Amino acid sequence: MTYDPKQIESKWQQKWEETQLYRSVVDWSKPKHYALTMLPYPSGDLHIGHWFAMTPSDARARYMRMKGYNVLFPMGFDAFGLPAENAAVQRNIHPYKWTISNIQRMRGQLRSMGAMFDWQREAVSCDPSYYKWTEWFFKRFYEAGLAYRGEAMVNWSPTLQTVLANEQVIDGKDERTGQPVIQKMMTQWFFRYTRYTDEMLNFDKLDWPEPVKIMQTNWIGRSEGAHVTFKTESGDDLLIYTTRPDTLWGATFMVLAPEHGLVSKITTPDQRDAVKAYQDQAARSTEIERVSEDREKTGVFTGGYAINPVNGARIPIWIADYVMVTYGTGAIMAVPAHDVRDFAFARKFGLKIVPVIQPQGESFNGDTMPEAYVGDGVMVNSDQFNGTPSNGMKGRKNPAIDAVITWLEGKGIGKEAVNYRLRDWLISRQRYWGCPIPMIHRADGTLEPEADVNLPVVLPENVDFDPSGRSPLTYYDPFLQAVDSDGKPARRETDTMDTFMCSSWYQYRYLSPNYSQAPFDPEEAAYWLPVDVYTGGAEHATMHLLYTRWFTKAMRDLGVFDDAEAIMRQHGRDVNGVFDEPMLLLRNQGQVLGAERPGDYIIATGKFVGEKLFANHVEVVGGSNDVPKGFDGVCGEIVKRTENIITVDMAGVKRTVEVVDGAKVIIPAIEGENTVNQLKHHLEIQRMSKSKGNVVNPDELVNAYGADSVRAYLMFAFDWEKGGPWDPNGMKGVVNWINDVWDMVLAGAPISGEGDSALNRDIERKVHQAIDKVAYSFERFSFNTAIAALMILRNTLREAIKTKQIGKATWDFAMKTNLLLMAPITPHVAEELWEKLGQPYSVHNQLFPAYDPEIAAEDEVDLVVMINGKPRENIKVSAEIGEQEAIDTALASASVQRALNGAQPKKVLFIASRKGQEPKVNIVI
RNA sequence: GGGGUCGUGGUGGAAUCGGCAGACACGAUCGCCUUAAAAGCGAUUGCCCGAAAGGCGUGUGGGUUCAAGUCCCACCGACCCCA
């Protein structure tokens, strides 16, 4: 009988389902483990990246289950979002239908993984029973003042007719479609993200990757400084925020954001046209362009002046786009001597530069300084503060800043202040396919939330989609017409919510997706929360992960967890801080990239126009040496292809070939008529995408090798937290491994007797060493070393079986243990072989084998003899060897005798045997 | 410009507290088996020299240490995030 993955995988998937093997139920007598992996967007096809994220997470969850934990490992779909709506507009399919059929297809693909998902906990965010609670959360936040409506400069995509979050705009373009984005003022819904900034900067409770914590910290961007009030000559207050109040005396001009409210008032008539033109231009550029330090500075003088409150200096007021209206107060004091951007601006426009910080013993000259000085020094040109050290520290830790802030506060012209880069979370989307915002615009212009009994506000199904992409909600009357709490006609809000809103609380809906009294069943929450392990892509470091942290803190403060907390108390669980954070441990997997592959080697003939060949005949040939003699055309490897334009590397020279319409294309490897589009070009390692033709389809791999092999390969071939390029050849290693184990089990014990006791003892030892290595690896998400340990065990067992000296009992123990160790990685094969060994169903209900260090210990080890730290000789000694005996052995060894040549060693060190390491003696001569 | 991560054989990668660098696997070479190929099995596989002994090796250059892939400093390069 041979290993047929297709037959055994479907058989066991069915049996697991029939027996509800992975149903996770609250059981207070067992310790719980909530393992969560990021839910997919239902794009229609499961990508190899989903397998790479989910199957190792599944293996880890299975390991925890075998360690005796009651494990919850749920799955669902993040089902609102633009692609569904685009499909509706472009292909006339309703977003709901498109999404649901994709979900159905992906459920099947997810099942083929053989993962231990508890499907009864599946949650789908576009289902009204789910988004009812998303709306309910919105309403609670609104009532608590955490949700509000405000004017904002927003990223408007003219193509998609929608507002995008800053996070969704990259280089002035929409991150998904690459379409340009412009700046526009609009009334939008916001969440008071900034309410929890300080709490979100605290990671004490979290075992999260360091880079994620750093990214979040930078994203929140807390800075310490002061607010200082300048006066314009016309008498208006002009408030600025600065992190460097110690440089106030060096402020030689001011810069306002072009959108700043005071601009029109201070602008003098002769500057009006220039200012207006500049404002228009600024509206067209994106924030990232505007604040880039590399960019040539631009700006316009308003004609107005302000008075520097610390020294009475009259300084000009400019506008420039590198100052953002949304950051700080939208106005800065410019200190060109000590700020890189201000310096570039001052030099360009010939503005005064006054140094006010200098290292001891140096003397800067504002007219000749080559660049801004941002280092430490002492204050100069600053009246009574001259000589105060400025040590480069932030905030009050800097004596100069500390002294100036105290003085400013005393004089009433400034105040210590903290500023954040982070702005409130803009959740409005002018789209149809999203969770409705349950608000009503009353006839009198006021707003009120929809009554709880009317939730959810359901998305109407019967709508037509405008080809312009405009949301149908804005012109569909039955939806628009609402009734307010006084029974008067009113208009329904047509914005929908950012999909990040739906995914900010899905880990709570999984607990009880059908519960209708609340977002989640408190009984379930009391047992399962918080999430113990969260796995997913690092790209969510600053968006999703900050949103979900914010959400959890807001839920906690609104008392949403109160019932769950009471139940926890009844069961004696410590509730202190348990709802402060959604996920305690986070690990990010890397990314599987496309495989590198050579391009086709072609011979192309046709007509030359200059250097360029217009080919009417292109043929793929093998090798690079068979260039016909006197050949008139182009031959070589295809290094690039864009449609029918091919770049060919001809003996190191790049040649361009255009394949003309109707040209003959011959690709021997592909049957039938060939087209230019089938020509392979050289592909460098990069993200997989359909257009690059380097997508690895997991369904095809599962078909060819079986799910267990695909799972094992994904876990073995990469450092999971790093990822890397796909290598189709590496599969062989894990396929052989699984086949070898299969063959060993099916072959049965080589002898029926007791066999050789020394060999048996050694096999037991090796099995226990494997137990330890596999467990240690799973603990650390180091899946590749777990499989390496199992391969070592395979190698050991194969050697041992050949001797025909391994006893039946030892063989049984080794096989059973081997299957238990494999079970989390290759669940189907392990289950099948477990059954073949006559063991009771299911291998996945067994405990992980217990490790016994006594059995794993070696009796004999290599004593490593080192001279000056270099290993010279290995001598077999008892594992229990003491220091003196080890040193004597080492000194007597041939290599030491030879090296010493009668002399005395300077120093002799004994390094005792530690876990997995041999004892060592280092002799210094 | 700032912050971060990371540089290890032909390749993917191992190396738990500073303690034998290269585990495990792919690939390659040679051999066995075969009419042949595939598969399978066996051997070799960091570099140099060699009979042995040895020397050199974790991006580069320094440093700390009995001992450095691992710690410290500077530099080079790649990638990511932010500006």
Side-chain angles (χ1 to χ4, degrees), chain A residues 166-167 170 209-221 287-295 322 324 327 339-341 344 371-372 374 421 538-539 541-543 588 590-593 595-596 685-686 712-714 716-737 739-740 743 772-773 775-777 779-780 782-795 798 802 861-874 894-895 898-899 905-925:
Chain A
N166 283 337
E167 293 88 333
I170 291 171
E210 227 34 62
V212 172
K213 295 195 266 185
I214 290 164
M215 271 191 255
Q216 294 204 345
T217 303
N218 292 341
W219 193 261
I220 293 167
E287 180 170 337
I288 291 181
E289 283 165 19
R290 285 175 57 166
V291 294
S292 168
E293 282 176 14
D294 314 330
R295 186 163 161 255
Y322 74 93
M324 306 304 302
Y327 183 83
D339 181 277
V340 175
R341 288 181 303 185
E371 58 183 4
V374 293
R421 199 190 73 89
E539 67 275 17
T542 48
M543 296 193 260
N588 298 126
Q591 208 169 43
V592 181
L593 303 168
E596 189 164 17
I685 299 160
Q686 53 192 336
Y713 182 54
L714 286 169
F716 181 67
F718 307 90
D719 169 351
W720 186 66
E721 301 194 44
K722 218 167 100 191
W726 177 258
D727 174 8
N729 300 317
M731 200 77 201
K732 193 181 156 182
V734 291
V735 169
N736 285 348
W737 167 57
N739 277 324
D740 288 345
D743 291 343
D772 186 40
K773 188 72 202 267
Y776 177 74
S777 299
E779 294 292 339
R780 302 178 30 198
S782 171
F783 304 100
N784 52 356
T785 53
I787 294 175
L790 288 166
M791 285 175 169
I792 293 170
L793 183 60
R794 178 262 322 252
N795 295 344
R798 265 159 56 108
K802 273 193 228 159
V861 292
D862 281 334
L863 173 72
V864 181
V865 179
M866 304 171 110
I867 297 171
N868 291 337
K870 286 190 186 117
R872 274 298 118 101
E873 200 173 340
N874 285 355
S895 48
R898 192 164 46 230
K906 283 204 191 104
K907 200 167 176 179
V908 178
L909 286 111
F910 173 68
I911 302 110
S913 173
R914 264 178 288 172
K915 191 172 184 180
Q917 272 157 7
E918 289 72 14
K920 297 174 188 73
V921 173
N922 190 13
I923 291 159
V924 185
I925 57 174

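Letters go in sequence order (proteins before strands), and every chain restarts at 1. For clarity, every value in this text was computed on a predicted model and none was experimentally measured.
- As rounded to the nearest Å, B:rG18 and B:rC71 have P atoms that lie 8 Å from one another.
- B:rG61 and B:rA83 have their C1' atoms separated by 32 Å, given to the nearest Å.
- Taking the C1' atoms as reference points, B:rG22 lies 13 Å from B:rU11, given to the whole Å.
- Put simply, the residue from A:Ile911, A:Asn874, A:Asp862, A:Leu863 that forms a side chain to side chain contact (heavy atoms under 4.5 Å, CB included) with A:Glu918 is A:Asp862.
- Taking atom CG of residue A:Asn736 and atom C1' of nucleotide B:rG40, one finds them 10 Å apart after rounding to whole Å.
- Distances from the side chain of A:Ala788 to the nucleotides B:rC20, B:rG55, B:rA23 place B:rA23 closest.
- Remark: the separation of the P atoms in B:rC26 and B:rG62 is 39 Å, to the nearest Å.
- Within 4.0 Å (heavy atoms only), A:Gly590 reaches no atom of the nucleic acid at all.
- Whole-Å rounding puts the A:Tyr713 OH to B:rG12 P distance at 11 Å.
- Across B:rA38 and B:rU34, the matching P atoms stand 15 Å from one another, rounded to whole Å.
- The shortest distance between the side-chain N/O atoms of A:Arg421 and the OP1/OP2 oxygens of B:rA83 is below 4.0 Å.
- Residue A:Arg341 places no side-chain N or O under 4.0 Å from the OP1 or OP2 atom of B:rG2.
- The phosphate of B:rC66 has neither OP1 nor OP2 within less than 4.0 Å of any side-chain N or O from A:Lys870.
- Separating the C1' atom of B:rG42 from that of B:rU35 is a span of 23 Å, rounded to the nearest Å.
- Checked by atom type and distance alone, the side chain of A:Asn922 never pairs as donor or acceptor with a backbone atom of A:Leu909 at under 3.5 Å.
- Distance, A:Asn784 CG to B:rA14 P: 5 Å, rounded to whole Å.
- Panel note: side chain A:Asp727, backbone A:Asn729; a donor-acceptor pair is recorded below 3.5 Å.
- If you check B:rG40, B:rC20, B:rC24 against the side chain of A:Lys732, the one that comes closest is B:rG40.
- Distances shorter than 4.0 Å separate none of the side-chain N or O atoms of A:Lys920 from OP1 or OP2 on B:rG19.
- Between the side-chain ring of A:Tyr776 and the base of B:rU16, a stacking contact exists by the 5.5 Å and 30° definition.
- Looking at every heavy atom in both residues, A:Gln216 comes nearest to A:Ala541 through NE2-O, 2.8 Å.
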*Kindly express the pairing pattern of RNA chain B in dot-bracket notation, using | wherever a base pairs with another strand and counting only Watson-Crick or G-U pairs under 3.5 Å.*
(((((((..(((......[....)))((((((.......))))))(((.....)))..(((((..]....)))))))))))).
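- B:rU58 and B:rG69 have their C1' atoms separated by 5 Å, with the value rounded to a whole Å.
- The residue A:Ile911 sits close to a base: some heavy atom pair falls under 4.0 Å.
- Minimum heavy-atom separation, A:Ser777 to A:Thr785: OG-OG1, 2.8 Å.
- A:Val921 places none of its side-chain heavy atoms less than 4.5 Å from the side chain of A:Val865.
- For A:Phe718 and B:rC24, the CZ to C1' distance is 16 Å, given to the nearest whole Å.
- Side-chain N/O atoms of A:Asn922 include none lying less than 4.0 angstrom from OP1 or OP2 on B:rC20.
- With RNA chain B read from its 5' end, the first of the two nearest nucleotides for A:Phe716 and A:Glu210 is the one closest to A:Glu210.
- Set against B:rA14, B:rC20, B:rC81, the side chain of A:Glu918 has B:rC20 as its closest nucleotide.
- Taking the C1' atoms as reference points, B:rA23 lies 8 Å from B:rA15, given to the whole Å.
- Annotated as syn: B:rC17, whose glycosidic dihedral is within 90° of 0.
- For B:rG9, the O4'-C1' to base torsion is within 90° of 0; the nucleotide is therefore syn.
- Atoms CZ (A:Arg798) and P (B:rC24) sit 14 Å apart, rounded to a whole Å.
- Ring centroid separation for the pair A:Trp737 and A:Tyr713 does not come in under the 6.0 Å cut-off.
- Comparing A:Pro871 and A:Ser895 along RNA chain B, the residue whose closest nucleotide (by nearest heavy atom) sits nearer the 5' end is A:Pro871.
- At B:rA53, none of the side-chain N or O atoms of A:Arg872 fall inside 4.0 Å of OP1 or OP2 (strictly under the cut-off).
- The two residues A:Arg780 and A:Glu721 have their closest heavy-atom pair at O-OE2, 4.3 Å.
- Backbone-only contact: A:Lys802 has heavy atoms under 4.0 Å from sugar-phosphate atoms and none from a base.
- Contact between A:Asn588 and A:Pro209 at its shortest, heavy atoms only, is OD1-CG, 3.7 Å.
- Counting to the nearest Å, the P atom of B:rC26 and the CG atom of A:Asn729 are 11 Å from each other.
- With distances taken from any side-chain atom of A:Lys907 to the nucleotides B:rG4, B:rC66, B:rG13, the minimum falls on B:rC66.
- One can place CD1 of A:Ile792 at 10 Å from P of B:rA23, the figure rounded to the nearest angstrom.
- Between A:Asn868 atom CG and B:rG54 atom C1' there is a gap of 15 Å when expressed in whole angstrom units.
- Heavy atoms only, all atoms of each residue included: A:Pro919 and A:Phe910 are closest at CB-CE1, 4.2 Å.
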